[in-house]
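In what follows, a single structure is set out as structure tokens and then discussed.
Just follow the structure's listing: the first ligand is 1, and inside any ligand the first atom is 1.
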Amino acid sequence: MNILILGGGGREHSIAWAVLQNPKCDRLIVAPGNAGIAEIAECASLDILDGGAVAGFCEAEAVDFVIIGPEAPLAAGVADRLREAGVLVFGPSQAAARLEASKSFTKSVCATAGAPTAAYGHFIDLAAARDYVRTQGAPIVVKADGLAAGKGVIVAETTDAALAALDEMFGGTFGTAGAEVVIEEFMTGEEASFFVLCDGETALPIGTAQDHKRVGEGDTGPNTGGMGAYSPAPVMTQAVTERALDRIVRPVLSEMVRRGTPYQGVLFVGLMIEAGVPRLVEFNARFGDPECQVLMMRLGGQALDLMLATAEGRLAECAVNWAEDHALTVVMAARGYPGEHERGSVIRGLERCPEDSFHQVFHAGTARVEGQFVANGGRVLAVTARGATLQVAAARAYAMVDRIDWPEGFCRRDIGWRALR
Ligand code: AMP
Ligand code: GLY
């Protein structure tokens, strides 16, 4: 079959790699893709936020199946437009993607479904929001309601910091995303990401992971899109996983069906776990980046069968074939990230890294200039390895990092520390 993946980061490179392991894939196109993806698939330039343009491309190129990587096309309704055009698609409708695109929507769904999450208030007015912060006190969490490219959450240690965050949000720093805010109780515990495929009715867990959001070792410094990840996450024991499915995932999916907007795609369940009890931090309507890289490394070619079954409503007949393995990915970023950083520095030594079912360097932001790979983003590479233990996976990933010659880049040397300590 002919398959189109929308997106161009490390997440989409890993999905492309997994899809190509499956003999069902005859032709693979990625839009827009990146220089690493171009090594293994065709790349097409296409406005991926324009559902009509994507549907037209699918017709012209006889695309049978579309996998939507990032949240922006989901929130823009690209999946709806493709379904109307009769194209098989992996990814939720615009209405169901509100589980990521609107925090107040998610809070109201959780309230109806009885899913445990932080206590909260929802505000469209600065004065009322300020009053709420003053009565609740700190620490407290201030969130822009809409999509803010991962930057719309402020964990405030003091009341003053929370009030300043409110001023910024209502002052328009996050555009319309901050015109409404959710203010949440600060939850303590250990975070983990739980990934569940949903075909509307059936939920099938496909793995757990832990991200490393802070830029610096020991989880210090500013927040990033994610500096590394590993799977599975030991904190997600079988008991915690079952509890998250029973108390959070299934009730929320049922509530989405009851509302007439069933959820189809991957549900990224961000959890805070304390004393064996998971509470919801947030949902995303897509795979995480870099969490996807470790999940794809572990799933391999079956990822395509599972995504197809999701799109066709056949998850009830599916099971995941798990190897007893671990995967770990180290993000290499351009110096300065998540702040100002340069583009265009040359990355050497990639050809010295092995490429097999245990080792892959996924490209997050690279371009090809005069035959060389150059940095073309903040997060640039996701150096990913698999092994029988997390120790082996980590050693393999860092051995690859050490072969890459890129003085203008950096990475955290402690990815996996919680599980390795
Ligand atoms: P998000 O952008 O929604 O993933 O939030 C970013 C990060 O903020 C999360 O990964 C958590 O570390 C933290 N966070 C969000 N909400 C809460 C909360 N209610 N309590 C504690 N930490 C939170
Ligand atoms: N790595 C976190 C995310 O993709 O949202």
Ligand-side contact atoms (ligand 1) for residue partner K213, heavy atom cut-off under 4.0 Å: 4 (O), 10 (O)

What residue pairs, at least two apart or across chains, pass ring-ring contact (aromatic ring centres under 6.0 Å, His included) with a residue in residues 235-254? none

If you measure from each non-hydrogen atom of E185 to ligand 1, which part falls under 4.0 Å: side chain, backbone, both or neither? backbone

Should the heavy atoms of other residues, nucleotides or ligands under 6.0 Å from CZ of R247 be counted, would the total exceed 12? no

More than 12 heavy atoms of other residues, nucleotides or ligands under 6.0 Å from CG of L420: is that the case? yes

side-chain contact (heavy atoms from CB on, under 4.5 Å) partners of L20, counting only residues at least two apart: C25, L28, I40

Please identify which atoms of ligand 1 are closer than 4.0 Å to at least one heavy atom of M187. 18 (C), 19 (N), 20 (N), 21 (C)

Report, in ascending order of atom number, the atoms of ligand 1 lying under 4.0 Å from any heavy atom of K103. 3 (O)

Using the six-membered ring wherever Trp is involved, compare the ring planes of F362 and H13 and label them parallel, tilted or perpendicular (cut-offs 30° and 60°). perpendicular

Indicate every side-chain donor-acceptor pair of residues 302-312 with a distance under 3.5 Å to a residue at least two apart or in another chain.
from	atom 1	to	atom 2	distance (Å)
Q302	OE1	N321	N	3.0
Q302	NE2	L299	O	3.3
Q302	NE2	N321	O	2.9
D305	OD1	N22	ND2	3.3
D305	OD1	K24	NZ	2.4
D305	OD2	N22	ND2	3.2
T310	OG1	L306	O	2.7
E312	OE1	R314	NE	2.8
E312	OE1	R314	NH2	2.6

Can you give me the closest heavy-atom contact between Y230 and A419, atom names plus distance? CE1-CB, 3.6 Å

Could you check which of E282, E191, K143, M272 puts a non-hydrogen atom nearest to atom 10 (O) of ligand 1? E191

Take F373 and E39, measure what side chain to side chain contact (heavy atoms under 4.5 Å, CB included) needs, and give me the verdict at the end. CA-CA 11 Å; F373 287 110; E39 300 279 293; 3.9 Å; yes

In chain-and-number order, ligand 2 lies under 4.0 Å from a heavy atom of each of D211, G225, F268, N284, R286, G288, D289, P290, E291

